[in-house]
Amino acid sequence: MLAWKLDAPQDGRTSGQRAYEIRAAHTVAQLRRGIADVWKSGKVDSSATNNIAFAGDALRSRESVAWQVRVWDADGHASGWSSPATWEMGLLNNSDWSARWIENASYDYTRPDGSETPLPVFGKSFTVHGRVAKARLYMQCRVVKKPRVAST
């Protein structure tokens with residue numbers, strides 16, 4: 001779902017949004033050149049600014065998309081295109097997953113009463129050699145946890 005916030009008009013008008021248009025591309029550079037190779041909504045008569053469904057062709061796992069929006073006011077004046085924003089698709093198919101459990105082998109799962117804690121602590125140390133261009137963490141859990149990444 002896509003969403004945006006409108007800036008307050010500089011001239012004090014309060015006409016608000018009456019229509020919008022979204023364009024999406026594989027890269028920000030393409031959008032800056034006016035190329036929308038992923039999706040073009042066309043002008044949509046609507047004041048909605050959130051919960052706007054992506055209506056392009058089906059996207060693939062890990063596919064990156066850059067998008068922009070422009071809006072029209074009650075007088076029919078169009079704004080410029082917004083700054084580009086991006087999203088990346090998650091892993092959509094079982095075959096996309098190639099994961100292994102990571103676990104802190106030194107964690108003591110024993111409680112003071114002798115029973116085992118039901119919530120293990122997962123962690124892994126590793127060294128990266130060379131420059132990292134991009135990194136992702138795909139995480140799934142039953143309760144919301146905050147991942148922590150430390151670097152030295």
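- With sequence neighbours excluded, no residue satisfies side-chain hydrogen bond (donor to acceptor under 3.5 Å, both in side chains) with Arg32.
- For Lys40, the side-chain contact (heavy atoms from CB on, under 4.5 Å) partners are Ala36, not counting sequence neighbours.
- Between atom CD of residue Gln17 and atom CH2 of residue Trp72 there is a gap of 10.0 Å, rounded to the nearest 0.5 Å.
- Grouping the Ile, Leu, Val, Met, Phe, Trp and Tyr side chains by contacts below 4.5 angstrom, directly or via other members, places Val71 with Val44.
- With sequence neighbours excluded, the residues forming a ring-ring contact (aromatic ring centres under 6.0 Å, His included) with Trp4 are Tyr20, listed by chain and number.
- Across Asp37 and Ala25, no two heavy atoms sit closer than the pair OD1-CA, 3.1 Å.
- Taken to the nearest 0.5 Å, the CD1 atom of Ile22 stands 6.0 Å off from the CH2 atom of Trp67.
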Please report, to 0.1 Å, the donor-acceptor pairs under 3.5 Å made by any side chain of residues 47-62, with sequence neighbours excluded.
residue, atom, partner, partner atom, Å
Ser61, OG, Leu92, N, 2.8
Ser61, OG, Asp96, OD2, 2.3
Arg62, NH2, Asp96, O, 3.2

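- With Asp113 contributing its side chain and Ser115 its backbone, the two residues share a donor-acceptor pair below 3.5 Å.
- Residues meeting the side-chain contact (heavy atoms from CB on, under 4.5 Å) test with Ala29, sequence neighbours left out: Thr27, Arg33.
- Asn94 meets the side-chain contact (heavy atoms from CB on, under 4.5 Å) test with no other residue; sequence neighbours excluded.
- The backbone N or O of Ser41 lies less than 3.5 Å from no partner atom in the side chain of Glu21, so there is not a single donor-acceptor pair.
- Side-chain atoms of Asp73 come within 3.5 Å of backbone N or O of Asp75 as a donor-acceptor pair.
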>> Glu63 vs His26, test: side chain to side chain contact (heavy atoms under 4.5 Å, CB included). Steps then yes/no.
In response: CA-CA 8 Å; Glu63 189 169 359; His26 283 104; 2.8 Å; yes

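- Take Lys134 and apply the side-chain contact (heavy atoms from CB on, under 4.5 Å) test, not counting sequence neighbours, and it matches Ser64, Glu88, Arg136.
- The side-chain hydrogen bond (donor to acceptor under 3.5 Å, both in side chains) search around Thr127 returns none, not counting sequence neighbours.
- The minimum heavy-atom distance linking Val65 with Ala24 is given by the pair CG1-CB, 3.8 Å.
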Pair up each side-chain donor or acceptor in residues 80-87 with any protein partner under 3.5 Å, not counting sequence neighbours, and list the distances.
residue, atom, partner, partner atom, Å
Ser82, OG, Val69, N, 3.0
Ser82, OG, Val69, O, 3.4

